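Just so you know, these numbers use all the heavy atoms, side chains as well, and skip hydrogens, waters and symmetry mates. We count ligands from 1, going down the list as the structure has it; atoms in each ligand are counted the same way. Keep in mind that this is a model prediction, so the values were computed, not measured.
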Amino acid sequence: MDEIKSQRRAIRKAMEYAVSEGDLVAAEDLLLQYREDRIALDLLLEFYSFLPEAQEDHVREIRLVARSQGVFLLAAITTMSAYLYLISSEGVEFHGTLHQGYLDQDLLDFFGYENLEAFKQQCADQEKLPYYESLQLDKDVCPACHAVTGELHELGCPVEVCPWCGGQLIRCPCRFEQLGVETIGSEEELVKLEALLDERGRVAYSPDQRPGFADEGPGVALD
Ligand SMILES: [Zn+2]
Ligand SMILES: [Zn+2]
């Protein structure tokens, strides 16, 4: 959890320059609301570090535009405008303003939009977008890789169950036994492992896989 703490600290630091004094409390409130949520914290850090309009502003709400396989398209609703961010465990990408409503074809396909028009239409009415809910509280989302119920984990996710022994896939010896190696060192071996897993049938995420997290929980010191 230290990583999350230092991320919150970095956001607060960036806020000092990005947010006008009168809005600091509101900005801080939103940070508290998402204090355990990596996806939202990634968004906030990106926003406050690279203010899209290069002038004081703050995020009032975060809304969910689309999500698939651990990739989130979120709208940061600010005092001045609203901006799209594409976020996953791989990183954050800024995608312009919500009212521009632009997404390239690959992403339209990825999120299952019929066409750009359908996406624009959804963006046009930001009040209809649901609030983004903190993932750690959402039982239908893998707390580590953010796959939703029924989706495959990202390979290497510590929550994924081994289809051979029912243990923890990144801990049990099955992956070495299946490949006939002592260690997995090359990209080639990983690709081979993925093929073997697919053949065997990978275990998709379900809420009963949630580990009994010894997390900080609500009501802890917040710095
Ligand atoms: Zn996972
Ligand atoms: Zn196993």
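- Taking every heavy atom of both residues into account, Arg175 and Leu169 meet most closely at NH1-O, 3.5 Å.
- Contact check for Gln168 versus Pro158: side-chain heavy atoms found under the 4.5 Å cut-off.
- Vertex the Zn ion (ligand 2); arms to Cys172 atom SG and Cys162 atom SG; angle 110° (nearest 10°).
- With a 4.5 Å cut-off on side-chain heavy atoms, Val181 and Glu189 count as touching.
- Inside a sphere of radius 2.8 Å centred on the Zn ion (ligand 1), the protein N/O/S atoms present are Cys142 SG, Cys145 SG, His153 ND1, Cys157 SG.
- Taking 4.5 Å as the limit, some side-chain heavy atom of Leu179 sits within range of a side-chain heavy atom of Leu196.
- Taking the six-membered ring wherever Trp is involved, the centroid distance between the rings of Phe94 and Phe50 does not fall below 6.0 Å.
- Side-chain rings of Tyr48 and Tyr17 stay apart, their centers remaining 6.0 Å or farther from each other.
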